[in-house]
2 protein chains.
Amino acid sequence: MLRLTKKADYGLMALKYLAEQAQCPSASQPISGAASAKAIADAYHIPPQLLAKILQTLAKAGLLVSHAGTNGGYALARDAHDISAFEVIRAIDGPLFITSCITIHGTCDLAGHCTIKEPLRKVNDSITDLLSKLRIADLIEHADHPPDAALAGGLVTIAR
Amino acid sequence: MLRLTKKADYGLMALKYLAEQAQCPSASQPISGAASAKAIADAYHIPPQLLAKILQTLAKAGLLVSHAGTNGGYALARDAHDISAFEVIRAIDGPLFITSCITIHGTCDLAGHCTIKEPLRKVNDSITDLLSKLRIADLIEHADHPPDAALAGGLVTIAR
DNA sequence: AGAAGCAAGACTCATTTGGTCGCATATTGT
DNA sequence: ACAATATGCGACCAAATGAGTCTTGCTTCT
């Protein structure tokens with residue numbers, strides 16, 4: 001069905017939450033703009049343990065920095081403008097390929113009988129490109145300027 | 001992992017096969033450019049029974065016409081230029097939504113707590129648009145003119 | 001009549017997802 | 001020092017999905 005896993009969803013939501021935190025930092029935190037896994041989970045009604053694991057993978061991937069101990073938690077490792085949705089999805093769901101033909105080694109399971117991998121690889125690249133252009137910062141809705149900006153940047157014309 | 005199911009893969013391969021058949025029709029067939037499920041399955045080493053079911057769904061969706069009996073088989077219901085990859089995928093895999101937030105009724109499973117559905121819906125629309133622009137005819141590689149034509153049509157710039 | 005082919009549903013099996021539990025380790029406040 | 005608060009990590013489990021098979025029946029051509 002060509003869909004993101006819930007984990008990736010949760011990851012994006014968490015990153016968005018942290019990006020918002022970073023905008024109004026409270027000085028009492030070891031890391032600026034940090035929040036604990038439990039706090040984020042509560043905010044979005046996500047199973048806390050599950051989110052914890054997701055944030056750990058994100059931290060391992062270098063997208064988040066973590067800090068243990070009281071008042072610890074996670075914070076964005078980079079500016080929200082410098083983290084793409086693609087990185088997040090890739091860190092959580094692994095390398096994404098639109099078709100089973102395209103594997104990491106570039107070999108096709110169908111042992112050469114697959115005849116459609118070339119055109120689909122291009123679609124794949126386009127989607128990758130699309131998600132790379134979408135940044136965490138774009139997920140935050142600003143009342144003044146519409147969040148469409150990232151996608152409308154000449155790359156893709158959006159139908160209807 | 002954001003990937004197509006194998007069924008959709010098989011479906012696209014079969015459609016491509018039929019599109020090629022339609023180019024050089026043999027007069028002995030009840031439908032011009034027809035091929036049996038078994039013939040296609042043999043050509044690509046796909047499990048015959050599985051492909052049969054896929055072709056049936058495709059026929060029910062109106063993308064193929066079927067003809068039972070000896071020398072029967074399937075043929076494209078329309079010209080290969082008028083069938084998009086999107087229709088095929090949608091017929092086989094069902095409506096595709098990039099995130100679990102976006103359902104058929106537009107309601108979010110997370111009961112309003114999901115904050116990222118709007119930007120993702122736009123990505124979703126872009127992918128839909130992308131796949132709609134890719135036609136079956138584009139899957140056939142012509143030695144003379146490159147199959148890139150459809151994707152390079154100003155819609156998306158392909159990275160690397 | 002019989003072979004070739006489609007139509008359709010039930011059913012099995014493996015993989016993936018979503019989620020939980022428990023324990024270890026690190027940090028901080030008192 | 002010690003308890004409270006957090007992350008880090010691995011094992012585990014159940015439900016859903018995906019891939020593929022089997023069986024039975026129907027249609028058309030020879």
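Sequence lines set the chain letters: A, B, ... in the order given, protein chains first and strands last, and positions in each chain run from 1.
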* Could you pull out all residues at least two apart from A:D42 that satisfy side chain to side chain donor-acceptor pair (under 3.5 Å)? =>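 Residues passing side chain to side chain donor-acceptor pair (under 3.5 Å) with A:D42: A:K38.
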How many Å lie between [atom1] on [X] and [atom2] on [N], as a whole number?
{"X": "A:L51", "N": "D:dG8", "atom1": "CG", "atom2": "P", "answer": "12 Å"}
{"X": "B:I46", "N": "D:dG18", "atom1": "CD1", "atom2": "C1'", "answer": "16 Å"}
{"X": "B:M13", "N": "D:dA19", "atom1": "CE", "atom2": "P", "answer": "14 Å"}
{"X": "A:L64", "N": "D:dT7", "atom1": "CG", "atom2": "P", "answer": "11 Å"}
{"X": "B:K7", "N": "D:dG18", "atom1": "NZ", "atom2": "P", "answer": "8 Å"}
{"X": "A:I54", "N": "C:dT20", "atom1": "CD1", "atom2": "P", "answer": "11 Å"}
{"X": "A:R3", "N": "C:dG18", "atom1": "CZ", "atom2": "P", "answer": "8 Å"}
{"X": "B:D93", "N": "D:dA19", "atom1": "CG", "atom2": "C1'", "answer": "12 Å"}

Could you list the donor-acceptor pairs under 3.5 angstrom formed by side chains in residues 47-59 of chain A, with sequence neighbours left out?
residue: A:T57; atom: OG1; partner: A:K53; partner atom: O; Å: 3.0
residue: A:T57; atom: OG1; partner: A:I54; partner atom: O; Å: 2.6

Would you call [X] and [Y] a side-chain contact if the rule is heavy atoms closer than 4.5 Å?
{"X": "B:L4", "Y": "B:L12", "result": "yes"}
{"X": "A:I127", "Y": "A:V123", "result": "yes"}
{"X": "B:L76", "Y": "B:D82", "result": "no"}

Which side-chain N or O atoms in residues 83-92 of chain B pair as donor and acceptor under 3.5 Å with protein atoms at least two apart or in another chain?
residue: B:S84; atom: OG; partner: B:E87; partner atom: N; Å: 3.2
residue: B:S84; atom: OG; partner: B:E87; partner atom: OE1; Å: 3.4
residue: B:E87; atom: OE1; partner: B:S84; partner atom: N; Å: 3.0
residue: B:E87; atom: OE2; partner: B:R78; partner atom: NH1; Å: 3.4
residue: B:E87; atom: OE2; partner: B:R78; partner atom: NH2; Å: 2.9

* Reading nucleotides 3-8 of chain C 5' to 3', which nucleotides get B (base under 4.0 Å from a protein heavy atom), which S (sugar-phosphate only), which -? -> BBSSBB
* Asked: When you check the phosphate oxygens OP1 and OP2 of C:dG19, does a side-chain N or O of A:Y10 lie under 4.0 Å from one of them?
  ->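 Result: yes.
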